[in-house]
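Here is the structure we will look at, set down as structure tokens.
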2 protein chains.
Amino acid sequence: METLLKVLKEKGYKITPQRIAIYRVLNNTKEHPSAEIIYKKLEKEFPTMSLATIYKTLEIFKKSGLVQELNVGENSFRYDANVKDHPHIICLKCNKVDDLPENLFTHLKDEVGKVSDYKVLSKQLYFYGYCPVCKGE
Amino acid sequence: METLLKVLKEKGYKITPQRIAIYRVLNNTKEHPSAEIIYKKLEKEFPTMSLATIYKTLEIFKKSGLVQELNVGENSFRYDANVKDHPHIICLKCNKVDDLPENLFTHLKDEVGKVSDYKVLSKQLYFYGYCPVCKGE
DNA sequence: ATCGTTGCAAACTATTTGCAGTGTG
DNA sequence: CACACTGCAAATAGTTTGCAACGAT
């Protein structure tokens, strides 16, 4: 949370209650929420806040490296306050998005750099399947 | 292309010139086009075909395992007639989407199955960087 | 006091749906 | 010749934009 304040100040963005609240939601959940879900979580606390504010804030957070944007295959983005390059796993039934440990995959970026002529900067690894709850059903 | 005819017949879908053309576009390109791009490529040949037809057709192709849908991070899907689980690399400047060889990553699905309690069915691996043309600029 | 930020409404984009007419099997 | 498919137009969903009022520094 100190990170948020520091980074916003550094980049010349103002610190507002809405931005703090949005960051808090992202930081206190493992759910990888969409803009809509963040909006719903905050509507009691900020009844007048609009979705546009969420989107504008997430845009700033992205540019500042405070969150990363995930594309799990729905037609909406999800957001993660953990900005480290780590893989995700998505349940095809309940659409839950979980983290996977990073360490198994740290070497991949370099390997890709070796086999392609691209300059590789980042990666997004998504695995799809059934989560422990759904696989039993 | 025989694949297309066979699969459509098997699943009880009708064979129409539009479906053949859409599959042909996907099969003859390495570009991983979006619905919009397929539409543009076919508008001279099929001036009356609508985007809705493209979407409906891609939906059928997806369900039949004839194409896979990619989510490279733009706000639109891209489609690939190569339905094998293979990784992609995306240029952050020109948005080109290239294939990467599959072999480097074949073991990952099993490894994920070992470290998580999910039943892993498929994966999408996206690497981001600059392509050979753009990295020089 | 200034200038970035908010909140509303409207615009926009990708995709989906309803339905009447059409054409494949 | 039935029923799935097409094409159009309208609906929907996620996201973005314009702008006047607001509020942090």
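Keep in mind the model is a prediction, meaning the values are calculated, not measured. In what follows, chains are A, B, ... by sequence order, proteins preceding strands, each numbered from 1. All values below were derived from every heavy atom in this structure, side-chain atoms included, with hydrogens, water molecules and symmetry-related copies excluded.
- Regarding A:Glu59, its CD atom lies at a distance of 12 Å from the P atom of D:dT15, rounded to whole Å.
- With sequence neighbours excluded, the residues that form a side-chain hydrogen bond (donor to acceptor under 3.5 Å, both in side chains) with B:Tyr79 are B:Glu69.
- Across residues 42-53 of chain A, A:Thr48, A:Met49, A:Ser50, A:Ala52, A:Thr53 each have a non-hydrogen atom less than 4.0 Å from an atom of DNA chain C (numbered order).
- Aromatic ring pairs are classed by plane angle as parallel below 30°, tilted from 30° to 60° and perpendicular above 60°; the pair B:Phe127 and B:Phe105 is tilted.
- By the 4.5 Å heavy-atom criterion applied to side chains, B:Tyr128 and B:Leu92 are counted as neighbours.
- At least one side-chain heavy atom of B:Leu42 sits under 4.5 Å from a side-chain heavy atom of B:Glu45.
- Under the 30°/60° scheme for interplanar angles, the aromatic rings of A:Tyr126 and B:Tyr126 are found to stand perpendicular.
- Sorted by residue number, the members of residues 10-41 of chain A with any non-hydrogen atom under 4.0 Å from DNA chain C read A:Tyr13, A:Lys14, A:Thr16, A:Gln18, A:Arg19.
- Considering B:Asn75, B:Asn71, B:Val72 in turn, B:Asn71 is the only one that fulfils the side chain to side chain contact (heavy atoms under 4.5 Å, CB included) rule with A:Asn71.
- In this structure, B:Lys56 and B:Tyr79 both approach DNA chain C, and ranking their closest nucleotides by distance from the 5' end singles out B:Tyr79.
- Considering only heavy atoms from C-beta on, B:Lys41 comes within 4.5 Å of B:Glu31 through its side chain.
- Although no hydrogens or angles enter the test, the distance criterion places no donor-acceptor pair under 3.5 Å between the side chain of A:Tyr23 and the main chain of A:Leu5.
- For A:Gln18 (side chain) and A:Ile54 (main-chain N/O), no donor-acceptor pair under 3.5 Å exists by modelled atom type.
- Residues A:Leu4 and A:Asn27 are not in side-chain contact: their nearest non-hydrogen atoms beyond the backbone lie 4.5 Å or more apart.
- At whole-Å resolution of the value, OH in A:Tyr55 and P in D:dG18 are 18 Å apart.
- Heavy atoms from other residues, nucleotides or ligands lying under 6.0 Å from NZ of B:Lys93 number more than 12.
- Taking 4.0 Å as the cutoff to heavy atoms of chain A, we find the contact window on DNA chain C bounded by C:dC3 to C:dT15.
- Of the residues in residues 62-73 of chain B, not one comes within less than 4.0 Å of DNA chain D through any heavy atom.
- Looking at A:Lys40 and A:Glu36, a side-chain N of the basic residue comes within less than 4.0 Å of a carboxylate O on the acidic one, giving a salt bridge.
- In this structure a side-chain-to-backbone donor-acceptor pair under 3.5 Å is missing from A:Lys62 to A:Val67.
- Fit an axis to the five pairs at each end of the helix from C:dA1-D:dT25 to C:dG25-D:dC1 and the two axes sit 40° apart, to the nearest 10 degrees.
- No donor-acceptor pair under 3.5 Å is formed between the side chain of A:Thr29 and the backbone N or O of A:Val25.
- Heavy-atom minimum distance, A:Ser116 versus B:Leu100: CB-CD2, 3.8 Å.
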